[in-house]
Protein chains: 2
Amino acid sequence: MAHLTVSVEYAIHCLLWLAGSAGAPLSSRDLAELQGISQSFLAKIFPKLEKAGIVVGSEGVRGGYRLARAPAEISVLQIVDAIEGDKPLFDCQEIRDRCAVFGDAPPVWATAGVCAIHAVMLKAEQAMRDELAAHTLADLAVTFAGKAPPEFILQVQDWMTERAGARKPGRQSKPEPPS
Amino acid sequence: MAHLTVSVEYAIHCLLWLAGSAGAPLSSRDLAELQGISQSFLAKIFPKLEKAGIVVGSEGVRGGYRLARAPAEISVLQIVDAIEGDKPLFDCQEIRDRCAVFGDAPPVWATAGVCAIHAVMLKAEQAMRDELAAHTLADLAVTFAGKAPPEFILQVQDWMTERAGARKPGRQSKPEPPS
DNA sequence: TAAACGCGGAGTCATATAGTCTGCGTTACC
DNA sequence: GGTAACGCAGACTATATGACTCCGCGTTTA
């Protein structure tokens with residue numbers, strides 16, 4: 001068939017973490033390392049989410065990203081559109097008015113309305129989009145909460161604060177050994 | 001979003017012509033020229049349709065392709081699958097068990113079952129496939145027949161026979177002037 | 001003032017799409 | 001029985017896109 005990019009996958013995973021962070025901003029670097037994905041690549045994904053109004057970024061030392069609105073108000077479709085743009089499923093080449101018997105001037109009946117094949121593809125695309133629109137970040141968060149044990153949340157919070165602390169000279173001795 | 005290839009579009013258009021040819025085989029070269037698309041490219045598409053059991057090819061001089069079964073028994077989904085293979089809409093990277101707090105050994109609860117995000121994508125893909133499966137070549141042929149005037153069918157038949165005649169030395173004088 | 005942030009652009013590498021260009025074996029027809 | 005129209009298969013190319021990396025700038029906070 002076709003294929004949604006890994007950027008979409010990264011984005012949704014990150015947004016799920018943001019949904020669980022209770023409004024506190026998380027940096028893209030932390031999110032990348034927490035999930036074992038590329039920092040620089042993730043850094044190119046968040047601006048798209050910001051332009052789409054899904055997250056808001058704050059610059060500076062304790063900056064990062066937080067959700068622009070409640071998780072229940074963010075659908076999977078909105079995320080996909082933010083990342084992928086509005087590339088259609090099917091790109092009609094209008095072959096119907098290229099028929100050899102028409103010569104250079106295809107008749108009106110051949111070019112009027114939407115190509116029947118295109119119409120089917122549009123309906124299929126709409127069905128997919130409807131399904132994506134029917135699921136929100138809140139739904140995903142509930143599913144996740146049903147699987148993860150309570151102590152996991154604490155472990156992640158520890159990991160976050162430890163990371164923040166390691167950066168401040170005066171706590172952990174982790175000067176990042178160069179390779 | 002993602003994107004169905006032009007091969008799918010070419011295939012469906014060609015199959016529609018085959019559906020209207022009343023069992024008479026049409027050559028891929030004729031079909032390409034009739035629709036103003038590449039002959040050599042179209043020649044790479046038909047073997048896929050044949051392997052999928054949608055068309056049957058006959059070699060030799062008056063050979064070509066014809067439908068393997070009735071148009072009503074050929075869904076758009078079958079054509080798409082024949083051309084594109086079974087590439088999934090979403091290719092889950094299993095990020096969930098890559099979480100940094102897990103270290104090298106992700107717990108069972110994190111890897112059990114289907115990833116929640118993946119599950120949403122699977123439902124969306126299924127919705128799209130259901131819609132594609134709901135439309136057949138026969139449906140498309142009906143829509144087309146509702147638009148094209150009766151004389152168009154005759155014009156195409158003329159075009160076909162004229163092409164066949166031009167090839168036989170002894171009727172039309174069209175020795176294909178070399179460019 | 002330095003380090004942690006978000007931004008933005010340029011550049012790399014691999015894969016896939018959309019094509020082309022051969023050649024080979026088969027078949028019908030004169 | 002040869003030639004031309006067929007299907008069939010493989011090698012080749014060019015362009016685009018996805019998945020990154022690298023670099024540098026402006027902002028903010030401790």
Side-chain angles (χ1 to χ4, degrees), chain A residues 1-11 14 24-33 36-51 55-66 83-85 87 91 93 160 163-171 174-176, chain B residues 1-11 14 24-33 36-51 55-66 83-85 87 90-91 93 95 160 163-171 174-176:
Chain A
M1 198 79 47
H3 174 240
L4 292 177
T5 61
V6 300
S7 296
V8 169
E9 186 168 7
Y10 291 171
C14 288
L26 300 181
S27 77
S28 69
R29 291 166 173 87
D30 279 356
L31 283 168
E33 187 147 337
I37 62 184
S38 157
Q39 294 183 2
S40 37
F41 187 58
L42 191 58
K44 309 214 66 175
I45 294 176
F46 267 104
K48 296 181 184 176
L49 294 172
E50 193 173 21
K51 285 191 183 66
V55 300
V56 288
S58 51
E59 293 189 341
V61 166
R62 289 279 167 185
Y65 293 97
R66 58 183 177 79
I83 302 296
E84 310 252 342
K87 299 172 193 163
D91 178 24
Q93 308 289 314
M160 284 286 184
R163 270 210 113 214
R167 286 192 284 262
K168 311 260 307 177
R171 192 189 164 279
K174 263 208 170 179
E176 188 70 24
Chain B
M1 196 81 43
H3 177 242
L4 293 177
T5 60
V6 299
S7 296
V8 170
E9 186 168 7
Y10 292 171
C14 288
L26 300 181
S27 77
S28 69
R29 291 168 172 88
D30 279 356
L31 283 168
E33 186 147 337
I37 62 183
S38 158
Q39 295 185 1
S40 36
F41 187 58
L42 191 57
K44 309 211 66 174
I45 294 175
F46 268 104
K48 296 181 183 176
L49 294 173
E50 192 173 24
K51 287 190 181 66
V55 300
V56 288
S58 51
E59 293 188 341
V61 167
R62 289 281 167 185
Y65 293 98
R66 57 183 176 80
I83 302 295
E84 311 250 342
K87 297 172 192 162
F90 183 76
D91 177 24
Q93 309 289 313
I95 296 177
M160 285 284 184
R163 270 211 112 214
R167 285 192 284 262
K168 312 259 308 177
R171 191 191 164 278
K174 262 208 171 180
E176 188 70 25

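Proteins come first, then strands; the chains are lettered A, B, ... in the order of their sequence lines, and each starts at number 1.
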Heavy atoms from C-beta onward define the side chain here; which of D:dC6, D:dA9, D:dA19 lies closest to that of B:Lys51?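 The answer is D:dA9, which lies nearest to the side chain.
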Please tell me which of the listed nucleotides, D:dG18, D:dA30, D:dC8, lies nearest to the side chain of B:Tyr65? D:dC8
With rounding to the nearest 0.5 angstrom, report the [atom1] to [atom2] distance, [X] to [Y].
X       : Y       : atom1 : atom2 : answer
A:Cys14 : A:Tyr65 : SG    : OH    : 10.5 Å
A:Asp30 : A:Gln39 : CG    : CD    : 8.5 Å
A:Leu26 : A:Leu31 : CG    : CG    : 5.0 Å
B:Lys44 : B:Ser28 : NZ    : OG    : 12.5 Å

Residue list, side chain to side chain donor-acceptor pair (under 3.5 Å) with B:Thr5, at least two apart or on another chain: B:Glu84
Starting from [atom2] on [N], measure out to [atom1] on [X] and report it in whole angstrom.
X        : N      : atom1 : atom2 : value
B:Leu42  : D:dG7  : CG    : P     : 9 Å
A:Ile45  : C:dC7  : CD1   : C1'   : 15 Å
A:Ile83  : D:dA19 : CD1   : P     : 11 Å
A:Asp30  : C:dA4  : CG    : C1'   : 10 Å
B:Arg163 : D:dC6  : CZ    : C1'   : 13 Å
A:Arg66  : C:dG6  : CZ    : C1'   : 14 Å
A:Arg62  : D:dA30 : CZ    : P     : 7 Å
A:Phe46  : C:dA4  : CZ    : P     : 19 Å

Scoring nucleotides 21-28 of chain D by protein non-hydrogen atoms under 4.0 Å (B base, S sugar-phosphate only, - none) yields B-----BB
Please verify the inter-ring angle class for B:Phe41 with B:Tyr10; under 30° counts as parallel, over 60° as perpendicular, anything in between as tilted.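 Taking B:Tyr10 first and then B:Phe41, their aromatic rings stand perpendicular (interplane angle over 60°).
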Could you say whether B:Gly57 or A:Val6 is positioned toward the 5' end of DNA chain D, judged by the nucleotide with the nearest heavy atom to each? B:Gly57
Does A:Ser7 or B:Ser58 map to a spot on DNA chain D nearer the 5' end, using the closest nucleotide for each?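 First, find each residue's nearest nucleotide; the 5'-ward one identifies B:Ser58.
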Would you say [X] reaches [N]'s phosphate, i.e. side-chain N/O to OP1/OP2 under 4.0 Å?
X       : N      : value
A:Lys87 : D:dG18 : yes
B:Ser28 : D:dG7  : yes
B:Tyr10 : C:dA18 : no

Tell me whether B:Gln93 contacts the main-chain N or O of A:Val6 through its side chain, where contact means a donor paired with an acceptor under 3.5 Å. no
